[in-house]
Amino acid sequence: MNDLTPHHRLGIATRPASEPVRNLSRRGFLGVVSGALLLGIDLSKDAAAQTRAEGPAAVAAKPGTRVAAFLEIRPDGGVRLLSPFVEGGQGINTGLAQTIGEELDLDPARFTVECAPPGPDYAVVNGLRMTGGSFSTRSSFEAMRRLGATAREMLLRAAAARLAVPQDSLTTEDGRVIHAASGRTLSYGEVAQAALALLPRDDVALKNPKDFRWIGRPVARLDMRDKATGRATYAIDIRLDTMLHAAVQHAPHLGTEPRAVANEAEVRAMPGVHSVHRLLGAVAVLADSWWRARKGAEALQVTWSEPAPEGIATVSATFSSAAMLAALKSTTEPGLPAEQEGDPGAAFANAARVIEAEYDAPYLAHAQLEPPSAVARFTADGSLDLWVPNQMPELFQQIAAKTAGLDPEQVRIHSPMLGGFFGRHFAYGPANPFPQAILLAKATGRPVRVLWSREEEFGMDAVRPLSFARFRAALGPDGMPVALQTTAVGEGPISRWFGALFTSPVDSSVVEGLDKKPYAIPNRRLDYVRVAHPVTIAFWRSVGHSMNDYFYESFLDEIAAAGGRDPFDLRMALLANSPRHATLLRKVAELAGGWRRGPFVAEDGTRRARGVSMASPFGSETATIAEVSLEDGEARVHDLWIAIDPGSVVNPAIVKRQVESAAALGLSSTLLEQVVYENGQRQARNFDTYPILDRTRMPRVHVAIVESGAPMGGIGEPGLPGVPPAVVNAVAVLTGQRVRSLPLAKTRLSGV
């Protein structure tokens with residue numbers, strides 16, 4: 001068996017030859033993250049001289065400003081746009097084409113959009129490059145508008161020189177420069193080369209929004225035809241000459257290693273098998289087809305090292321979800337204050353009534369349909385091409401370089417379209433196959449594609465953290481809440497993967513959805529207690545909001561019940577001084593045909609109830625109402641009404657679809673999903689034991705977009721967090737049961 005050992009550079013020592021391939025440690029990972037996010041521009045004398053130049057070799061003075069780094073205007077008038085972001089179904093390619101096309105005066109349908117390679121030009125998300133956090137459009141909107149306007153002005157300037165007329169005598173119309181006085185026109189393609197050689201101006205005016213032709217309109221998605229006809233290319237579709245296919249068998253316990261293979265010779269003799277390799281926590285078989293590689297990997301008889309016998313410091317032999325939840329509940333460490341307002345202690349001392357509750361939510365898999373894969377190829381000059389699904393190309397370039405023993409500029413990252421995001425495509429150490437592809441390609445001297453089977457994916461996927469929160473509320477004589485004490489216990493992906501970049505001791509990904517709520521509760525305290533998980537945790541669509549808004553909004557209904565108030569009316573009263581939120585809550589009630597809590601009998605004879613919730617995720621605001629009935633002990637959701645206020649929108653059709661898809665995922669997690677650990681192993685290894693929402697459970701989703709004019713918020717994730725509490729609040733009306741632990745499938749429901 002080949003025992004691969006990486007040779008790390010740039011400050012990471014080379015490992016002893018006796019050790020197997022090892023993924024980067026957490027400390028090493030954070031170092032890489034820091035390096036990737038702090039990528040700077042070499043402002044030496046020569047580099048500084050380039051900052052005002054145009055053309056492909058120029059260095060951007062400011063990310064998002066160098067036209068030639070983003071736009072290639074072709075002779076036929078079409079435009080190739082190199083996007084700072086990765087398209088993964090969220091519609092960012094179409095939104096960018098609309099935004100740039102608006103100011104460039106070019107129909108978005110004439111754009112071809114590709115993901116840009118790593119480079120400082122594309123660090124447009126607050127100085128870094130990332131596709132995630134529902135940040136793409138809102139972080140780049142003004143920069144991309146200015147990019148389009150700057151390009152248009154350069155085209156006008158070049159056309160004025162070509163036609164020997166004043167620039168202010170020219171206008172544009174959908175890819176043409178027009179000189180009305182003489183009737184002469186030039187296509188953008190005719191003057192593009194001269195235009196892109198000019199220095200850009202800093203004072204280019206932007207359009208008045210009242211003149212927008214494409215921004216704010218439901219422009220058809222650019223990727224729709226390719227997806228509908230099967231032409232869209234994902235990482236799994238990549239094929240290279242002489243490429244070998246790799247299948248992997250991972251250790252049954254995270255952190256254990258292969259010690260011996262009893263039947264290596266027999267596997268090597270199987271049809272099509274090329275070689276067998278030992279990796280960190282895994283063994284791999286390479287073959288001339290993936291099916292043959294998989295059959296070989298499954299046939300390997302591996303002896304693994306033993307996990308720790310017990311505890312939660314590692315994924316021990318007795319580690320379980322139940323043990324982890326017990327550890328979260330039993331911690332006695334004092335919390336760090338994440339938010340405080342007023343004097344909660346005094347309010348509790350004088351309360352007419354005090355209520356308490358504890359909530360938890362499980363580990364969740366990403367469970368995307370696209371299985372993890374990566375293709376690595378070393379070229380004759382020793383450089384590396386890597387095709388890898390990712391949300392941060394520069395970060396993956398840095399990690400790939402260290403894995404391969406190369407300098408970052410020797411690594412070319414190709415970022416194919418993603419088969420969904422959900423937070424899956426950040427770098428999570430052992431949850432990523434691309435280091436395996438690099439090391440196997442280096443060992444064999446041939447391109448290698450690593451593709452994880454569904455079982456390996458479910459076994460190795462980085463999961464949303466299991467989470468726990470404790471609530472305590474003080475009520476006044478009128479039943480209104482006067483104080484709220486909340487404690488969030490656990491660990492989030494921010495502190496796990498980006499802790500080196502954030503100085504706050506409070507992990508925002510643990511407390512978001514519990515803090516900064518719009519409700520006028522005068523005395524509040526939110527504490528954060530960190531308890532680390534031994535498993536690989538990850539971002540998951542809407543991150544902390546995905547469970548915390550369920551916790552908070554469900555407990556708010558408990559407050560309403562304890563105070564003898566209708567939950568909708570209580571929210572309206574608490575939002576009296578927040579007109580934006582009150583407007584949104586009224587809008588969702590209007591969308592639902594009016595608020596009716598129930599229980600009530602629907603036209604089809606079913607007994608139903610409604611639940612309501614609000615959420616403030618990723619710069620947007622949402623209000624949600626769910627209508628639910630009970631069927632054979634399970635919740636059946638008939639309708640979801642969601643009103644979303646993202647401030648302003650680029651493409652309302654994309655907004656609607658994103659809210660609908662987020663609602664589906666939120667409902668799936670509410671009803672069905674959970675990753676369960678027992679005896680140190682995940683119990684679900686495929687969709688047969690990890691059920692997700694199917695068509696029979698999918699409700700009607702009704703979406704209303706409210707453009708308040710507030711700063712632009714995110715879209716990809718905000719539709720999710722309001723769904724779990726709205727559904728659970730409706731279930732409480734029907735059953736008299738307050739479900740404080742998801743998913744609902746764990747609880748047999750019966751009406752009252």
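Just so it is clear, the values below take in all heavy atoms, side chains as well, and ignore hydrogens, waters and symmetry mates. These figures come from a predicted structure and were not determined experimentally.
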Open item on the list: Can you confirm whether R217 is buried at CZ, in the sense that more than 12 heavy atoms of other residues, nucleotides or ligands lie under 6.0 Å from that atom?
Closed with: no

Open item on the list: Any donor-acceptor pair under 3.5 Å linking the side-chain atoms of H545 with those of S542?
Closed with: no

Task: Lys/Arg-Asp/Glu bridge criterion (N-O < 4.0 Å) met for E621, K587 - done: no

Task: With A615 via side-chain contact (heavy atoms from CB on, under 4.5 Å) - residues at least two apart - done: D549, P617, T622, P721

- [ ] Considering only NZ, NE, NH1 and NH2 on the basic side and carboxylate oxygens on the acidic side, decide whether D76 and R74 come within less than 4.0 Å.
- [x] no

Task: E142 atom CD: more than 12 heavy-atom contacts under 6.0 Å - done: yes

Open item on the list: Atom CD of residue position Q193 - does it have more than 12 heavy atoms of other residues, nucleotides or ligands inside 6.0 Å?
Closed with: no

Task: Note: R571-E553 ion pair, threshold 4.0 Å (strictly below) - done: yes

Open item on the list: With a 3.5 Å distance limit and no angle check, can you tell me whether R129 reaches the backbone of L395 through a side-chain donor-acceptor pair?
Closed with: no

Task: Ion pair D105/R213, N-O distance below 4.0 Å - done: yes

Task: NZ/NE/NH1/NH2 to OD/OE distance under 4.0 Å, E627 and R610 - done: yes

- [ ] Only counting residues at least two apart or in another chain, list the ones meeting ring pair (Phe, Tyr, Trp, His ring centres under 6.0 Å) with H179.
- [x] none

